[in-house]
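Start at 1 and go down the list; that is how both ligands and their atoms are numbered. What you see below is based on every heavy atom in this structure, not just the backbone, and it leaves out hydrogens, waters and symmetry mates.
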Amino acid sequence: MPDKKKKVVVCGGGGFIGGHLVGNLLEQGFTNVRAVDCKPCDNWYQVHRAAENLQLDLKEKDACHQALRGGAVVYNLAADMGGMGFIETHKAECMLSVLINTHLLMVARDQGVERFFYSSSACVYNGDKQKSPAVVPLKEQDAYPALPEDGYGWEKLFSERMCRHFREDYGLTTRVARYHNVYGPHGTWDGGREKAPAAICRKVIAAKLAGHREIEIWGSGKQTRSFMFISDCLQGTQSILWSDILEPVNLGSSELVTINGLVDMVEEIAGVKLQRCYNLSAPKGVNGRNSDNTLIKKLLGWEPSVRLREGMERTYRWIYDQMTNKNARKVI
Ligand code: NAD
């Protein structure tokens with residue numbers, strides 16, 4: 001069991017998942033939490049005053065020394081990332097996140113960090129296994145032979161292997177989860193880095209507020225995906241960190257939905273029905289992807305369980321507030 005007095009460092013603490021994780025750790029009674037992000041605090045999704053909040057660029061090794069000073073537990077959630085619209089057009093930028101994990105691992109090893117978590121992604125999986133919307137859920141071994149998402153996925157696959165070798169060669173306790181699409185309040189919903197759940201909420205809300213009847217959907221709408229609500233992500237992340245699971249493990253919902261099905265759901269929540277204009281040349285990612293949760297169920301006796309409808313309702317309400325209330329609350 002974790003000692004709640006030891007210093008926990010959340011890298012990427014100004015981001016969506018990092019902001020929730022810091023809040024969750026404080027709620028559980030962790031008294032020594034440090035959040036680190038390269039963005040100015042004013043741009044963090046959540047700023048928790050009870051944590052120590054540092055602005056540092058973790059691509060720099062000196063900054064990693066400062067970030068991890070006195071740290072016993074490290075969550076590395078820092079990465080330059082976004083939805084398909086971002087990662088398909090910023091491959092080099094995504095790959096440069098390798099500097100963050102590399103320098104963090106080296107400093108964690110040198111400073112005697114006790115546990116190190118790395119947030120990998122379902123984008124590490126072999127693209128050939130994701131060509132059809134009628135998916136066979138992805139098992140952990142489907143990452144090899146390697147054919148990950150170009151740019152972002154290669155960086156994730158390389159960084160997860162580096163975690164493995166730092167564990168094997170230097171005895172650093174590393175744990176890796178492969179997140180499958182995480183969504184929820186306090187995340188990106190506009191600006192180009194947003195993912196499908198938030199983008200669809202925003203488009204439906206914008207159409208509703210403006211009285212428009214049409215929205216644009218990226219791709220044919222027939223692509224299939226699963227989406228994990230943030231509370232499941234937090235629980236799974238911490239359980240994996242404190243487990244004996246040595247190899248990367250899927251952390252995702254297995255509730256499969258088409259993009260059209262997701263739009264139906266958001267329309268139902270919003271109480272509108274809109275015409276769909278399909279943009280077939282927009283970035284749309286793989287045709288089908290789902291998480292096979294056999295391993296996590298076997299090892300933890302648990303899997304993400306928040307129903308998509310429930311999580312989308314909460315996400316929709318939060319995005320609606322952001323779009324209609326200029327003073328939306330951020331500092332907690
Ligand atoms: P996010 O973009 O909201 O958060 C990432 C944070 O990292 C951002 O606040 C960003 O400013 C920060 N960052 C980027 N470069 C940095 C640097 N050089 N130094 C310090 N901070 C830096 O993303 P998120 O959704 O919270 O994702 C967290 C992690 O989970 C990422 O590693 C991401 O790749 C991974 N992941 C997320 C999803 C998802 O669906 N959200 C899916 C798979 C994997």
Side-chain angles (χ1 to χ4, degrees), residues 9-23 34-47 53-64 66-68 74-84 86-87 90 93-104 107 117-125 138 148-149 151-157 159-160 163 176-199 225-230 232-234 236-237 240 248 250-253 285 289 291 304 311 315:
V9 184
V10 179
C11 303
F16 163 49
I17 302 171
H20 280 283
L21 180 60
V22 171
R34 178 184 291 152
V36 183
D37 206 286
C38 61
K39 297 182 293 201
C41 281
D42 280 353
N43 297 340
W44 292 21
Y45 290 116
Q46 301 181 66
V47 178
N53 299 304
L54 300 182
Q55 184 191 352
L56 292 168
D57 181 352
L58 296 169
K59 287 195 179 104
E60 305 293 333
K61 197 172 174 201
D62 285 349
C64 293
Q66 217 180 314
L68 266 50
V74 175
Y75 291 91
N76 178 16
L77 302 165
D80 232 332
M81 62 87 68
M84 272 302 148
F86 180 79
I87 66 175
H90 296 76
E93 216 168 307
C94 289
M95 291 204 85
L96 282 171
S97 294
V98 77
L99 293 174
I100 303 175
N101 201 54
T102 305
H103 286 144
L104 282 174
V107 172
F117 175 86
Y118 178 63
S119 51
S120 185
S121 163
C123 286
V124 299
Y125 284 113
L138 294 160
E149 175 78 33
Y152 177 72
W154 277 107
E155 190 279 318
K156 289 290 185 193
L157 194 63
S159 289
E160 35 170 83
C163 289
V176 177
R178 288 182 184 151
Y179 291 165
H180 290 244
N181 291 310
V182 190
Y183 73 101
H186 298 284
T188 315
W189 56 273
D190 69 350
R193 289 182 186 244
E194 62 279 13
K195 296 187 161 203
R225 290 289 185 281
S226 72
F227 299 98
M228 168 171 58
F229 192 60
I230 183 66
D232 278 331
C233 177
L234 298 179
T237 295
I240 290 166
N250 278 336
L251 181 53
S253 164
R289 178 182 286 163
S291 177
T315 307

Minimum side-chain heavy-atom gap Cys233-Ile17 below 4.5 Å | yes
So which protein heavy atom does atom 40 (O) of ligand 1 come closest to, and at what separation?
-> Val182 N, 2.7 Å
Do any nitrogen or oxygen atoms of Phe16 come within less than 3.5 Å of a nitrogen or oxygen of ligand 1?
-> yes
Determine whether Val74 and Cys11 make a side-chain contact, defined as any pair of heavy atoms from C-beta on separated by less than 4.5 Å.
-> yes
Arg178 to ligand 1, any heavy atom closer than 4.0 Å | no
Do we see a donor-acceptor contact under 3.5 Å between the side chains of Glu155 and Ser97?
-> no
In the protein, which heavy atom is nearest to atom 31 (C) of ligand 1, and how far is it?
-> Leu77 O, 3.3 Å
Provide the closest heavy-atom pair for Leu157 versus Pro148 in the form atom of the first, atom of the second, distance.
-> CD2-CG, 4.1 Å
Under 4.0 Å from ligand 1, counting heavy atoms only, is it the side chain of Tyr183, its backbone, both or neither?
-> neither
Under 3.5 Å side-chain donor-acceptor pair for Tyr125 and Asn250 = yes
Does Lys39 make a cation-pi contact with Tyr45, if we ask for NZ or CZ under 6.0 Å from the ring centre and within 45° of the axis?
-> yes
His103 side chain reached by Glu60 side chain, heavy atoms, under 4.5 Å = no
Min side-chain heavy-atom separation Ile100-Ser159 under 4.5 Å | no
Using heavy atoms and a threshold below 4.0 Å, how should the contact between Trp44 and ligand 1 be classified: side chain, backbone, both, or neither?
-> neither
Does the N or O separation between His180 and ligand 1 drop below 3.5 Å for any pair?
-> no
Would you say Gly18 has any N or O atom under 3.5 Å from an N or O of ligand 1, going by distance alone?
-> no
Pick out which of Leu21, Asn76, Leu77 makes a side chain to side chain contact (heavy atoms under 4.5 Å, CB included) with Phe117.
-> Leu77
Taking atom CG of Asp62 as the centre, does the number of heavy atoms from other residues, nucleotides or ligands within less than 6.0 Å exceed 12?
-> no
Just need the protein heavy atom nearest to atom 33 (C) of ligand 1, so name the residue and atom and give the distance.
-> Tyr152 OH, 3.5 Å
So the atoms of ligand 1 within less than 4.0 Å of a heavy atom of Asp57 turn out to be 17 (C), 18 (N), 19 (N)
Among protein heavy atoms, which sits nearest to atom 38 (C) of ligand 1, and what does the distance come to when rounded to 0.1 Å?
-> Lys195 NZ, 3.6 Å
For atom 4 (O) of ligand 1, find the nearest protein heavy atom and state the residue, atom name and distance (0.1 Å precision).
-> Gly15 CA, 3.4 Å
Ignoring hydrogens and geometry, is there a side-chain-to-backbone donor-acceptor pair from Arg289 to Ser226 under 3.5 Å?
-> no
Sub-3.5 Å N/O-N/O distance, Lys39 and ligand 1 = yes
Looking at Gly14, which atoms of ligand 1 are within less than 4.0 Å of one of its heavy atoms?
-> 9 (O)
Quick one: are Lys59 and Asp80 in side-chain contact, heavy atoms under 4.5 Å?
-> yes
With heavy atoms only and a cut-off of under 4.0 Å, state how Ser120 meets ligand 1: side chain, backbone, both or neither.
-> backbone
Identify, for atom 13 (N) of ligand 1, the protein heavy atom at the shortest distance, and state residue, atom and that distance.
-> Cys38 SG, 3.7 Å
Enumerated ligand 1 atoms positioned under 4.0 Å from heavy atoms of Gly12 = 6 (C), 7 (O)
For atom 2 (O) of ligand 1, what is the nearest protein heavy atom, given as residue, atom name and distance?
-> Met81 SD, 3.9 Å
What do you reckon, does Tyr45 put a non-hydrogen atom under 4.0 Å from ligand 1?
-> yes
Interfacing atoms of ligand 1 (cut-off 4.0 Å, heavy-atom, Asn181) | 40 (O)
To the nearest 0.1 Å, how far is atom 11 (O) of ligand 1 from its closest protein heavy atom, and which atom is that?
-> Asp37 OD1, 2.6 Å
List every atom of ligand 1 that sits less than 4.0 Å from any heavy atom of Lys59, numbering the atoms from 1 in the order shown and giving each element.
-> 18 (N)
Backbone N/O of Gly13 and side chain of Trp44: donor-acceptor pair under 3.5 Å | no
Under 4.0 Å, heavy atoms only, figure out whether ligand 1 is touched by the backbone of Ile100, its side chain, both or neither.
-> side chain
Short question: side chain of Lys61, backbone of Leu99 - any donor-acceptor pair under 3.5 Å?
-> no
Would you say Leu58 and Cys38 make side-chain contact, with heavy atoms under 4.5 Å?
-> no
Near Ala78 (heavy-atom distance under 4.0 Å), the atoms of ligand 1 are 7 (O), 21 (N), 22 (C)
Please lay out, stage by stage, how His90 and Tyr152 fare under the test side-chain contact (heavy atoms from CB on, under 4.5 Å).
-> CA-CA 9 Å; His90 296 76; Tyr152 177 72; over 6 Å; no
Under 4.0 Å to a heavy atom of Leu56 - the qualifying atoms of ligand 1, by number = 19 (N), 20 (C)
Any idea which part of Arg193 is under 4.0 Å from ligand 1, heavy-atom wise: side chain, backbone, both or neither?
-> neither
Any N or O on Ser121 sitting closer than 3.5 Å to an N or O of ligand 1?
-> no
